[in-house]
Amino acid sequence: MRLKCFLVFVLAIVLLATIRIVHADENKQNSPLKVGFLAVGPVSDRGFNYANNQGRLFLEKQLYGQVQTTIAEKIPESAEAERVLEKMIAQGNKLIFTVSYGFLEPALRVAARHPDVIFMQINRFQNSKNLGTFFSYQYQPNYLTGMVAGRMTKSNDLGFVGAHPVPPLLQAVNSFTLGARSVNPKVKVHVIWINSWSDAPLEAEAVKGLVEMGCDVITNAQDNQNTILPTCDNLGVYSCGFYSDGHQLAPKGWLTGPRLDWGPFYVKIAKSVIDHTWKPCSYTAGMEEGYIKLSSFGKVVPKSVQDEVLAKEKLIKSGKFVIFQGPMKDRDGKERLAPGQKPDLKQLAEMNWFVPGIQGSLK
């Protein structure tokens, strides 16, 4: 009798333990995917970090209840990035988007220590087992922006304020120049690098310096749009933005510019992680995917110019017009693309040259 009671008791314990395990597994399966975002600047910059945060908010809205997101702002591209990534992982994040060019190296080191966490790095082309990269062809709307600038300039001198002379920004200034010179061969583009993703005093001084050179249209590749665009308006010159639509920051002289729309892509990646279908690769897309778009036209842009640009946009989206295609030489006369040649991802990722018409240093 005692043995029978003991066996019943043991069976009951096993049954309860099994139920607890099942419930734990169910709770684990039903719990939202925690998604972290690592940003180099503030999400209030109305530029790069703002655009990425808008994508994060879109992800939360579209996958409500399925994801839980957090973002760490103003994190340097240094050992501090590793520390913050480790903290994110300790908080349970299983998918992390590292959204600045210089985060790749810290992300690779942390990813190697945490094979159960998936990382997605922006604007780079190096993968590991649990780290993928993603990039939009930001140079495509930059070409269109250049067309507008080429039509609007009276001095034929255009200014470009760049953060760092890294390949994505060299693609940007090269395509901008090609677009401007396609409608106005007399155009020259003057480049100033400030060697910082965001530095308001340096950005304002760069704009002033370009205006003193005679530039009457200023574009940029800075994370922060809050300084450059208003400074252009205050100095009475036209301005072009980058990463987000900045027409409200420069109501008098705004022309247009590229803008990011990463929300749908973030949803796509999060779903693949939830469904266990994610694979490491370099995701790339042009304007046809909608991840990079042309911002609104300013009130000062004539209808004829808008129509011309929108017609070219259709050709780019359809693949009938390719911006970087040989024959193409750099400003020193060296052949970079043979006749008919189109650059592959590796060539784009290693771009370190200027097209003709650009004045300024590559450093």
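Side-chain atoms are counted along with the backbone in the values below, which use heavy atoms only and exclude waters and symmetry mates.
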When you measure from the side chain of Q140 to the backbone of K293, do you find a donor-acceptor pair of N or O atoms at a distance under 3.5 Å?
no
Check: Y283 ring centre within less than 6.0 Å of F134 ring centre:
no
With the 4.5 Å side-chain cut-off for hydrophobic clustering, are V273 and I89 part of the same group?
yes
Any side-chain to backbone donor/acceptor pair from S244 onto R46? Under 3.5 Å, distance only.
yes
Within one Ile-Leu-Val-Met-Phe-Trp-Tyr cluster: V99 and F58, side-chain cutoff 4.5 Å:
yes
Is it true that E289 and K268 make a salt bridge, defined as a side-chain N closer than 4.0 Å to a carboxylate O?
no
Evaluate the side-chain proximity of L131 to L104: yes if any heavy-atom separation is below 4.5 Å, no if none is.
yes
Quick one: sort the F176 and F160 rings into parallel, tilted or perpendicular, breaks at 30° and 60°.
tilted
F48 vs I122 side-chain heavy atoms within contact, under 4.5 Å:
yes
Taking it one step at a time, do M351 and Y139 satisfy side chain to side chain contact (heavy atoms under 4.5 Å, CB included)?
CA-CA 12 Å; M351 184 174 284; Y139 61 81; over 6 Å; no
Side chain to side chain contact (heavy atoms under 4.5 Å, CB included) assessment of H164 paired with Y101
CA-CA 10 Å; H164 299 278; Y101 186 88; over 6 Å; no
Sole candidate of K329, M328, K342 that passes side-chain contact (heavy atoms from CB on, under 4.5 Å) when paired with L337:
M328
Assess the side chains of T70 and Q91: does a donor N or O sit below 3.5 Å from an acceptor N or O?
no
Please determine whether side chain to side chain contact (heavy atoms under 4.5 Å, CB included) holds for the pair Q359 and F354, giving the CA-CA distance in whole Å, both sets of side-chain angles, and the decisive distance to 0.1 Å.
CA-CA 9 Å; Q359 297 188 1; F354 280 147; over 6 Å; no
Are D45 and W197 side-chain neighbours, meaning at least one heavy-atom pair lies under 4.5 Å?
no
Which heavy atom of S239 sits nearest a heavy atom of A250, and at what distance?
OG-CB, 3.5 Å
Side-chain heavy atoms under 4.5 angstrom apart, residues restricted to Ile, Leu, Val, Met, Phe, Trp, Tyr: same cluster for F242 and I218?
no
Going by atom types alone, do Q225 and N220 pair a side-chain donor with an acceptor below 3.5 Å?
yes
Between I75 and L85, does a side chain to side chain contact (heavy atoms under 4.5 Å, CB included) hold up when you go through it step by step?
CA-CA 10 Å; I75 307 302; L85 288 173; over 6 Å; no
Note, Q222 side chain near I194 side chain (heavy atom, < 4.5 Å):
yes
May I ask you to say whether D233 pairs ionically with K252, meaning some side-chain N is under 4.0 Å from a carboxylate O?
no
Under a 3.5 Å cutoff, is there a donor and acceptor pairing between the side chains of S198 and D223?
no
Should the ring pair Y266 and W262 be called parallel, tilted or perpendicular, given that the plane angle runs from 0 to 90° and is split at 30 and 60?
parallel
Taking K312 first and then E308, would you say they form a salt bridge - that is, a charged N and a carboxylate O separated by under 4.0 Å?
no
Same cluster (ILVMFWY, side-chain, under 4.5 Å), V148 and L210
no
Between N130 (side chain only) and H114 (backbone N and O only), is there a donor and an acceptor less than 3.5 Å apart?
yes
Do Q341 and Q347 have side chains that approach each other closer than 4.5 Å (heavy atoms only, starting at C-beta)?
yes
Taking all non-hydrogen atoms of both residues, which atom of N127 and which atom of S282 are closest, and how far apart?
ND2-N, 3.4 Å
Do R124 and E105 come close enough that some side-chain heavy atom pair is under 4.5 Å?
yes
Side chain proximity check, W254 to S295, heavy atoms < 4.5 angstrom
yes
For the pair Y143 and F321, name the ring-plane relationship: parallel under 30°, tilted 30 to 60°, perpendicular over 60°.
tilted
Find out if a path of hydrophobic residues (ILVMFWY) with successive side-chain heavy-atom gaps under 4.5 Å connects I118 to L108.
yes
Looking only at heavy atoms, which two atoms of E60 and V67 are closest? And how far apart?
CA-CG2, 4.2 Å
So does R83 pair up with E80, basic N to acidic O under 4.0 Å?
yes
